[in-house]
Number of protein chains: 2
Amino acid sequence: MNSSLLRQTLHAANLRATAARMAVLELVRNASTPLSHGEIAELLRDGPWNRTTLYRNLIDLEKAGLVRRTQLGEPVWRFESTAKEHGVRSHPHFLCSACGKMVCLPEMTLRLEGARGCRKAIGQGNIEVQVRGLCDACMGKRGI
Amino acid sequence: MNSSLLRQTLHAANLRATAARMAVLELVRNASTPLSHGEIAELLRDGPWNRTTLYRNLIDLEKAGLVRRTQLGEPVWRFESTAKEHGVRSHPHFLCSACGKMVCLPEMTLRLEGARGCRKAIGQGNIEVQVRGLCDACMGKRGI
DNA sequence: CAATTATTGCAATACAGTTGCAAATAACAC
DNA sequence: GTGTTATTTGCAACTGTATTGCAATAATTG
Ligand SMILES: [Mn+2]
Ligand SMILES: [Mn+2]
Ligand SMILES: [Zn+2]
Ligand SMILES: [Zn+2]
């Protein structure tokens, strides 16, 4: 990607076009998958930039709407009894992004087709699925 | 749940029936949703147990097959450009549990029905979905 | 180029998870 | 019940990711 185009894009977003920022934006734009901060720091490890700088640039780019930032799942492990009916086999879960409550979804709620790169796993159903959004209660509290 | 039944269940699993272990097992068995270590520590905060003990008991129960332990998603945030075609709107992602690679899934691959507790969000499609399993490459490496 | 304001490096903090080790205790044989 | 032994516990330490304060530095603008 052209360096002056990157510069122009950043300026249009009211961000200064520093070398680190341009490197980060170029990387994310050229990537074919969502990248983590750690992956980006690793890819740019030969550059002169501190990893906190790269991190803050990602946040800045997000605020400016140039990148989307998502954390699917949570940094915590969850435990459920295998003795319950629903505990016997793995099933999809819904996690509320506001209150953190998790609910188990019946298996039938989901229909999924295989796609490039993960056809086998999805075909066999050997997967775990998580859906994230606002639960009905939190929707209610926000008057939605 | 009956205390002597808990004791019996633990002994059958070759685990000593300590008070902490019984409390943890009872809690997980009675829970209607998967609980995190933090939630369990909070629920048992009036008990005399250290949170590391509760943590280790959860791990023990998992090894014994009495609870299932899952971490849906990852503890990291991911960034993708909003300038890409696929970046314009949110879409499902597949995360390989072996190599950590993430791939974007086309929206059409997924059909989901609302369920108790999260009918609205799923109805509106205002959700993020993550599927986790072995990617085709990692399946291949394991000869599957 | 100088003045202004945003960005950077570095150190520190927060949190969930994980482990080592010595002290406490459950299980079991008397 | 008592003693013996292996398991479990408490506490402190450490990892990895995310996040922030602050003084030093660099990008912009006129
Ligand atoms: Mn469940
Ligand atoms: Mn994507
Ligand atoms: Zn909620
Ligand atoms: Zn893989």
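Chain A is the first sequence line, chain B the second, and so forth, proteins listed ahead of strands; every chain is numbered from 1. Computed from a predicted model, the values in this text were never measured in an experiment.
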Closest to the 5' end of DNA chain C, once A/Asn50 and B/Leu15 are matched to their nearest nucleotides, is A/Asn50

Rounding to a whole Å, what distance do you find between B/Ile40:CD1 and C/dA16:C1'?
14 Å

Between A/Ser36 (side chain only) and B/Trp77 (backbone N and O only), is there a donor and an acceptor less than 3.5 Å apart?
no

Over how many whole Å does the gap from A/Glu42 atom CD to D/dG16 atom C1' extend?
15 Å

Of all the nucleotides listed (D/dA18, C/dA26, C/dT18), which has the minimum atom distance to the side chain of B/Arg69?
C/dT18

Just call it for A/Asp60: base, sugar-phosphate, or nothing, with non-hydrogen atoms closer than 4.0 Å on any strand.
nothing

Rounded to whole Å, please give me the gap between CE in A/Met22 and C1' in D/dT28.
14 Å

By nearest-heavy-atom nucleotide on DNA chain D, the more 5' of B/Arg78 and B/Arg51 is B/Arg51

Taken to the nearest whole Å, CD/B/Glu39 to P/C/dA16 is 11 Å

So A/Thr18, base contact, sugar-phosphate only, or nothing? Heavy-atom distance under 4.0 Å.
sugar-phosphate

Could you tell me the separation between the CD atom of B/Gln71 and the P atom of C/dA16, rounded to a whole number of Å?
12 Å

Selected nucleotide, minimal atom distance to B/Thr52 side chain, candidates C/dT19, D/dT28, C/dA27
C/dT19

Under 4.0 Å from OP1 or OP2 of D/dT7: is there any side-chain N or O of B/Asn14 that close?
no

Under 4.0 angstrom between B/His37 side-chain N/O and C/dA16 OP1 or OP2:
no

With a 4.0 Å cut-off on N to O distance, would you call A/Arg45 and A/Glu42 a salt bridge?
yes

If you only use heavy atoms from C-beta on, which nucleotide in C/dT18, C/dA16, C/dT5 is closest to the side chain of A/Val76?
C/dA16

Return the value, rounded to whole Å, for the distance between atom CG of B/Leu35 and atom C1' of C/dA16.
16 Å

Spell out, as yes or no, whether a donor-acceptor pair under 3.5 Å connects the side chain of B/Arg78 to the backbone of A/Pro34.
yes

If I take atom CZ in residue A/Arg16 and atom P in nucleotide C/dT4, what distance separates them, rounded to the nearest angstrom?
13 Å

Value in whole Å for how far the P atom of C/dG17 lies from CG of B/Leu58
10 Å

Between B/Tyr55 and B/His11, which residue's closest nucleotide on DNA chain C lies nearer the 5′ terminus?
B/Tyr55

Step through the shown structure and confirm whether more than 12 heavy atoms of other residues, nucleotides or ligands are within 6.0 Å of NZ on B/Lys120.
yes

Any side-chain heavy atom of A/Leu58 sitting closer than 4.5 Å to one from A/Val28?
yes

Candidates C/dA27, C/dA16, D/dT20 - which lies nearest the side chain of A/Arg56
D/dT20

Check every atom of D/dT28, D/dG10, C/dA26 against the side chain of B/Thr53 and return the nucleotide holding the closest atom.
D/dG10

